Amino acid sequence: MSTDTAVQPTRTTDAADSPLFRPADLGPLRLANRLVMAPMTRNRASADGVPEPIMATYYAQRASAGLIIAEAATPNAVGATYPNIPAIHTDAHVAGWRRVTEAVRAAGGRMFLQLQHGGRVGHPETTGLHPLAPSPVPLPGTVFTPSGHRETVVPREMTEQEIRSTVADFAAAARRAVEAGFAGVEVHSANGYLLHQFLSGHTNRRTDGYGGSVANRIRFTVEVVRAVVAEIGAERVGVRIAPGVTANGMSEDDVDAVYPALLGELDGLGLAYLHLVFADPEQPLFHTLRAAWSGTLIANPALPWPGPLPADGGRAAAERLLAAGADLVSLGRSFLANPDLVARLRKGAPLNPIRDAHLMYVGGETGYTDYPTLD
């Protein structure tokens with residue numbers, strides 16, 4: 001959506017009565033409302049992954065969300081995906097993120113950090129390292145690097161020792177996130193990155209204990225989550241999944257088998273939440289997963305992508321998800337363009353249009369911290 005005029009929302013129910021604005025508990029946290037700011041890659045960190053001061057401003061502006069899940073941070077160097085994304089594996093990363101969490105806390109917000117390893121989504125020009133993946137199956141097309149889009153490379157199949165060390169890297173990153181002031185972390189097993197690559201038979205063609213059967217393909221995600229839980233406690237850990245989502249060249253033939261099996265391994269751990277991407281209450285799988293998950297469910301509505309957001313920024317879809325059994329609802333682009341989204345939705349106020357040219361790779365304040373508020 002590229003326009004200079006504000007988007008007028010469609011009024012549905014009386015905003016004052018909407019369940020979106022009711023408080024909720026998330027483990028030991030009391031959330032002011034049920035709106036979650038979804039993690040979104042914005043490429044505003046330094047070249048070595050240290051969060052820049054502008055990121056503290058950006059997140060503090062959006063602290064009225066019931067919960068902010070900060071954009072993906074990599075647990076090690078080889079897991080980096082694109083230029084200028086943040087990381088969480090050095091003391092400098094911890095210090096940079098601490099500035100962010102302190103600013104959000106001062107503004108009254110709550111914050112988790114998403115942990116993401118790119119797997120085959122990466123390039124030696126970005127990291128200086130060759131990408132690792134479950135199997136040597138390349139990402140289709142190109143990937144963004146410091147010098148622009150480049151043809152992807154065939155990743156190297158991870159050894160079992162590299163799998164074990166990556167599990168340990170996730171656990172160490174979770175500990176660093178807590179040291180940086182985050183209330184918890186979200187393990188990213190979605191959107192075509194490393195953990196998701198292990199789940200799919202198209203990207204995971206291994207013949208050892210991490211490939212082949214459903215039980216083997218879910219093993220890596222389960223081991224990562226258990227290691228993170230052992231490091232910082234289950235009440236600080238969420239998991240993100242995206243059944244059937246085709247981002248980053250993904251394809252899955254057996255989501256009805258993989259995801260109930262995965263939840264069967266994770267549900268008993270007492271995690272803070274499950275984050276379901278592109279959740280659609282019209283689909284049977286949504287209800288299957290809701291029934292299989294006894295804890296808090298954050299649902300991310302299936303809004304048009306690519307393409308413009310609905311005029312209400314996703315409010316009606318969010319309310320439908322709550323009515324269908326979700327506990328919290330995450331919105332991405334609506335929070336990106338509206339620092340005071342909660343207030344705008346509560347009042348039925350117009351929403352800012354998204355400036356598409358300034359989403360990623362461009363850096364700076366424009367389209368990042370300069371979106372106006374109602375005040």
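All values below come from the heavy atoms of this structure, side chains included, with hydrogens, waters and symmetry mates left out. Sequential numbering from 1 along the given sequence is applied to the chain's residues. This structure is a prediction, so every number in the text was calculated from the model and none was measured.
- Counting all heavy atoms, side chain and backbone alike, Ala173 lies closest to Pro75 at CB-CB, 3.7 Å.
- Once rounded to the nearest 0.5 Å, the distance linking OG1 of Thr142 with CZ of Arg150 reads 9.5 Å.
- Under the ring pair (Phe, Tyr, Trp, His ring centres under 6.0 Å) criterion, Phe144 pairs with His149, Tyr361, sequence neighbours left out.
- Here the straight-line distance linking atom CG of Leu345 with atom CG of Leu35 works out to 6.5 Å at 0.5 Å rounding.
- Of all the heavy atoms in Ala190 and Ile241, the pair that sits closest is CB-C, 3.6 Å.
- Listed for the Arg44 side chain is no donor-acceptor partner under 3.5 Å among the backbone atoms of Asn84.
- Criterion: ILVMFWY side-chain heavy atoms under 4.5 Å apart, direct or through other members. Under it, Leu331 and Phe286 are part of a common hydrophobic cluster.
- A donor and an acceptor atom, one from each side chain of Thr369 and Gln61, are nowhere located under 3.5 Å apart.
- Taking CZ of Arg236 as the reference point, atom CG of Leu113 lies at 13.0 Å (rounded to 0.5 Å).
- In terms of modelled atom types and a separation under 3.5 Å, the side chain of Gln197 and the main chain of Arg120 share a donor-acceptor contact.
- Side-chain atoms of Val225 and Phe170, non-hydrogen and from C-beta on, never get closer than 4.5 Å to each other.
- At distances below 3.5 Å, not a single donor-acceptor pair connects side-chain atoms of Arg105 with backbone N or O atoms of Gly108.
- Annotation for Val342 and Ser64: closest pair CG2-O, 3.5 Å, computed over non-hydrogen atoms.
- Residues Leu289 and Pro243 meet the side-chain proximity criterion, which asks for heavy atoms closer than 4.5 Å.
- A donor-acceptor contact shorter than 3.5 Å links the side chain of Asn204 to the backbone of Arg206.
- Here the side chain of Asn352 pairs no donor or acceptor atom with the backbone of Asn338 at under 3.5 angstrom.
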> Between Met37 and Tyr59, is a side-chain contact (heavy atoms from CB on, under 4.5 Å) present by the stated rule, with each step listed?
Replying inline: CA-CA 10 Å; Met37 179 177 168; Tyr59 282 112; 3.9 Å; yes
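- The CG atom of Leu26 sits 5.0 Å away from atom CZ of Phe112, with the distance rounded to the nearest 0.5 Å.
- A perpendicular orientation is assigned to the rings of Tyr210 and Phe220, their planes being inclined by more than 60° (bins at 30° and 60°).
- Ala357 and Val362 get closest at one heavy-atom pair: O-CG1, 3.5 Å.
- Residues Phe198 and Pro134 share a closest heavy-atom pair of CD1-CG, 3.4 Å.
- With rounding to the nearest 0.5 angstrom, the OG atom of Ser330 is 8.0 Å from the CD atom of Glu186.
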>> side-chain contact (heavy atoms from CB on, under 4.5 Å) for Val100 and Trp97? Distances and angles first, verdict last.
In response: CA-CA 5 Å; Val100 176; Trp97 277 121; 4.0 Å; yes
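- Note on Phe278: it does not cluster hydrophobically with Leu328, by side-chain heavy-atom contacts below 4.5 Å among ILVMFWY residues.
- Annotation: salt bridge (charged side-chain N to carboxylate O under 4.0 Å, His left out) contacts involving residues 258-282, sequence neighbours excluded, comprise Arg226-Glu265.
- Scored by the salt bridge (charged side-chain N to carboxylate O under 4.0 Å, His left out) test, Asp370 finds Arg355 as partners (sequence neighbours excluded).
- Considering every non-hydrogen atom in both Gly249 and Leu139, the closest pair reads N-CD1, 4.4 Å.
- Checking each of Gln116, His188, Glu252 against His196 for a side chain to side chain donor-acceptor pair (under 3.5 Å) leaves exactly one that passes, namely Glu252.
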>> What verdict does the side-chain hydrogen bond (donor to acceptor under 3.5 Å, both in side chains) test give for Asp253 and His202, after you've listed the backbone C-alpha separation in whole Å, the side-chain angles of each residue and the deciding distance to 0.1 Å?
In response: CA-CA 8 Å; Asp253 297 328; His202 290 271; 2.8 Å; yes
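- The main-chain N or O of Leu297 is found under 3.5 Å from a side-chain atom of Asp327 such that the two form a donor-acceptor pair.
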>> side-chain contact (heavy atoms from CB on, under 4.5 Å) for Tyr371 and Leu336? Distances and angles first, verdict last.
In response: CA-CA 9 Å; Tyr371 279 106; Leu336 181 156; 3.8 Å; yes
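- Under the 4.5 Å side-chain contact rule for hydrophobic residues, Val329 and Ile69 do not share a cluster.
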>> For a salt bridge (Lys or Arg N to Asp or Glu O under 4.0 Å) check, start with the C-alpha distance between Glu162 and Arg156, then their side-chain angles and the critical distance, and finish with the verdict.
In response: CA-CA 11 Å; Glu162 286 169 332; Arg156 183 168 59 78; 2.7 Å; yes
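- A salt bridge between Glu179 and Arg175 is absent, with no side-chain N of the basic residue lying under 4.0 Å from a carboxylate O of the acidic one.
- In this structure, the side chain of Asn191 does not engage the main chain of Val245 through any donor-acceptor pair within 3.5 Å.
- Distance alone, capped at 3.5 Å, is enough to place a donor-acceptor pair between the His123 side chain and the Glu151 backbone.
- A donor-acceptor pair under 3.5 Å is formed between the side chain of Glu125 and the backbone N or O of Ser147.
- Considering Leu132, Thr127, Asp169 in turn, Asp169 is the only one that fulfils the side-chain contact (heavy atoms from CB on, under 4.5 Å) rule with Asn76.
- In this structure, Tyr193 and Asn248 have side chains that are in contact, with non-hydrogen atoms separated by less than 4.5 Å.
- Put simply, Phe335 and Leu359 are part of the same group of oily side chains (I, L, V, M, F, W, Y) that touch within less than 4.5 Å, one to the next.
- At a threshold of 4.5 Å between non-hydrogen side-chain atoms, the residues Gln114 and His275 do not count as touching.
- Counting heavy atoms from C-beta outward, Leu374 and Arg344 have side chains that approach closer than 4.5 Å.
- In this structure, Thr74 and Thr81 have side chains that are not in contact, with every pair of non-hydrogen atoms separated by 4.5 Å or more.
- Of the possible donor and acceptor atoms, one in the side chain of Asp312 sits under 3.5 Å from a partner among the backbone N and O of Gly314.
- A 4.5 Å side-chain heavy-atom check between Thr90 and Asp48 finds every atom pair outside the cut-off.
- The distance from the CG atom of Leu341 to the CZ atom of Arg62 is 9.5 Å, given to the nearest 0.5 Å.
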>> Please determine whether side-chain hydrogen bond (donor to acceptor under 3.5 Å, both in side chains) holds for the pair Thr373 and Asp375, giving the CA-CA distance in whole Å, both sets of side-chain angles, and the decisive distance to 0.1 Å.
In response: CA-CA 5 Å; Thr373 64; Asp375 294 337; 4.9 Å; no
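- For the pair Arg42 and Tyr368, the cation does not sit on the ring face, since its NZ or CZ is not both under 6.0 Å from the ring centre and inside 45° of the axis.
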>> Run the side-chain contact (heavy atoms from CB on, under 4.5 Å) test on Val78 and His117 for me, step by step, so that the C-alpha distance in whole Å, both residues' side-chain angles and the decisive distance to 0.1 Å come before the verdict.
In response: CA-CA 8 Å; Val78 73; His117 188 301; 3.7 Å; yes
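- More than 12 heavy atoms of other residues, nucleotides or ligands sit less than 6.0 Å from atom CG of Asp25.
- Side-chain contact between Pro124 and Leu129: absent, with no pair of heavy atoms (C-beta onward) separated by less than 4.5 Å.
- When hydrophobic clusters are built by joining Ile, Leu, Val, Met, Phe, Trp and Tyr residues whose side-chain heavy atoms come closer than 4.5 Å, directly or via intermediates, Leu31 is not grouped with Val185.
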